[in-house]
Amino acid sequence: MTTEQPHFNRVALIGVGLIGGSLARVIRSQKLADHVTAYSRRAKTRNRIKELGFVDVVADDAATAVADADLVVVSVPVSASASVAEAIGPHLAPGTIVTDTGSVKQAVIDAMSPHLPSQVHFVPGHPIAGTEHTGPDAGFDQLFEGRWCVLTPPEGTDATAISIVANMWRSAGSMVEQMSAPHHDMVLAITSHIPHLLAFNIVGTVAELEDQIKLEVVKYSAGGFRDFTRIAASDPEMWRDIFIENKEAVLEMLGRFSEDLAALQRAIRWDDADALETKFTKTRDIRRDIIDAKQA
Ligand code: NAP
């Protein structure tokens, strides 16, 4: 793959929240396009995008937004991918590159592909970068810097289109990796989806406690709980979609996690200090690896 900075005549952004809004700012700051059109579902969001002023035109519908675009980036909740593809499909010019940013890949491919004309190049992608905030105000142009972006093009996807999308993400400061959609979904199940599920569960458990204990949990939250609350404050709609759309991989990884948790439970019950220390030493090494890889 080359690392040349791409240049587009017209980019259409369908969905302009944290991810689409961040990419819009990158496209502007890196001068990746002559013209950027945005479309978002609600009039309120569209008005806010106009006020923020980081795109040239805000369209009133998705079909108008994609007309004559050479790149279309879809950044909507995974469950909305099919309806968006259905709306834009008939209006895409031959040769247009369509990419997305969904956190689950196989489900997005299954949902979008049937609606995209065969002369359109679909390069599914997932920038592994985010915050717990949503909406166009939450975006910023450094969001993707130093983060990985995974592309999962189905076999036979046009190599030039893949390279152009990869270079767009490199221009945003990302490192790019290519893998199959099922592999992506399995890797992300353990690195992202299960950690979020645990955070939702721990914070959910606290939410059920009696009021007095709850007050103390908040007071002493720096003991570890606080870090989980940041993750558990992530967008409910997006995470609902992720667990439903990546069900198989999540259940597979959750099964392994439950077995390991049972082993820890047993070690505590039987005062198996060696087993606990061995486990915690291993996990500390993983933290060091993440710091070394500059992903901390
Ligand atoms: P966001 O800030 O909530 O923005 C979502 C965008 O999608 C908005 O433009 C919203 O439009 C639109 N939208 C919401 N529901 C829709 C529907 N049913 N039909 C059509 N459009 C709809 O979300 P985001 O964080 O940018 O996430 C966008 C995508 O990126 C998701 O697929 C997510 O899985 C993925 N992603 C997220 C992160 C993260 O950490 N947030 C990281 C990597 C990838 P209105 O505001 O007009 O309703």
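Ligands are counted one by one from 1 in listed order, and the atoms in each one are counted from 1 as well.
- Close contacts between ligand 1 and E237 involve ligand atoms 15 (N) [criterion: under 4.0 Å to a heavy atom].
- If you check which protein heavy atom lies closest to atom 4 (O) of ligand 1, you get G17 CA, 3.3 Å.
- Side chain to side chain, S29 and D141 meet the donor-acceptor criterion of an N or O pair below 3.5 Å.
- Annotation: side chain of V218 is not in contact with side chain of K214 (no heavy-atom distance under 4.5 Å).
- The main-chain N or O of L254 is found under 3.5 Å from a side-chain atom of S258 such that the two form a donor-acceptor pair.
- Considering only non-hydrogen protein atoms, atom 44 (C) of ligand 1 sits nearest to T101 O, 3.1 Å.
- Among all protein heavy atoms, the one lying closest to atom 28 (C) of ligand 1 is S75 O, 3.5 Å.
- At least one N or O atom of L18, backbone or side chain, sits closer than 3.5 Å to an N or O atom of ligand 1.
- Residues P6 and S171 are in side-chain contact: their nearest non-hydrogen atoms beyond the backbone lie under 4.5 Å apart.
- With atom 12 (C) of ligand 1 as the reference point, the heavy atom nearest to it among S79, P127, P77 is part of P77.
- Minimum interatomic distance between I109 and F122 (heavy atoms only, all atoms of both residues): CA-CE2, 4.1 Å.
- In the hydrophobic cluster analysis, where Ile, Leu, Val, Met, Phe, Trp and Tyr join through side-chain heavy atoms closer than 4.5 angstrom, F144 is grouped together with L32.
- Interface atoms of ligand 1 facing G102, defined by a heavy-atom separation under 4.0 Å, are 32 (O).
- At the shortest separation from atom 42 (C) of ligand 1 among protein heavy atoms lies A129 O, 3.0 Å.
- Side-chain contact between I49 and V55 is present, with at least one heavy-atom pair separated by less than 4.5 Å.
- No donor-acceptor distance shorter than 3.5 angstrom exists from the side chain of E248 to the backbone of M186, with no hydrogens or angles considered.
- Residue V78 has at least one heavy-atom neighbour below 4.0 Å for each of these atoms of ligand 1: 32 (O).
- The N/O atoms of T134, backbone and side chain alike, include none that comes under 3.5 Å of an N/O atom in ligand 1.
- At under 3.5 Å, a nitrogen or oxygen of I19, whether backbone or side chain, sits near a nitrogen or oxygen of ligand 1.
- No side-chain heavy atom of N246 sits under 4.5 Å from any side-chain heavy atom of V78.
- Using a 4.0 Å cut-off to heavy atoms of H126, the atoms of ligand 1 that qualify are 43 (C), 44 (C).
- Close approach of ligand 1 to G15 (heavy-atom distance below 4.0 Å) involves ligand atoms 9 (O).
- Checking D34 against H7 by side-chain atom types alone, a donor-acceptor pair falls below 3.5 Å.
- What you find for T99 and P124 is that their closest heavy atoms are OG1-C, 4.2 Å.
- Between the side chains of D110 and Q106, at least one donor-acceptor pair of N or O atoms lies under 3.5 Å.
- Ranking protein heavy atoms by distance to atom 10 (C) of ligand 1, first place goes to S40 OG, 3.9 Å.
- In the vicinity of T131, heavy-atom distances shorter than 4.0 Å reach the ligand 1 atoms 40 (O).
- Of the N or O atoms in V16, one or more lie within a sub-3.5 Å distance of an N or O in ligand 1.
- In this structure, atom 32 (O) of ligand 1 lies nearest to the protein heavy atom V76 O, 2.6 Å.
- If you check which protein heavy atom lies closest to atom 19 (N) of ligand 1, you get A80 CB, 3.4 Å.
- Nearest non-hydrogen protein atom to atom 40 (O) of ligand 1 is G130 CA, 3.3 Å.
- Here's the thing with T45: one of its N/O atoms is less than 3.5 angstrom from an N/O atom of ligand 1.
- M112 has its side chain within reach of V74: a pair of non-hydrogen atoms, C-beta onward, lies under 4.5 Å apart.
- Compare S234, S103, S22 by their heavy atoms: the one nearest to atom 34 (O) of ligand 1 is in S103.
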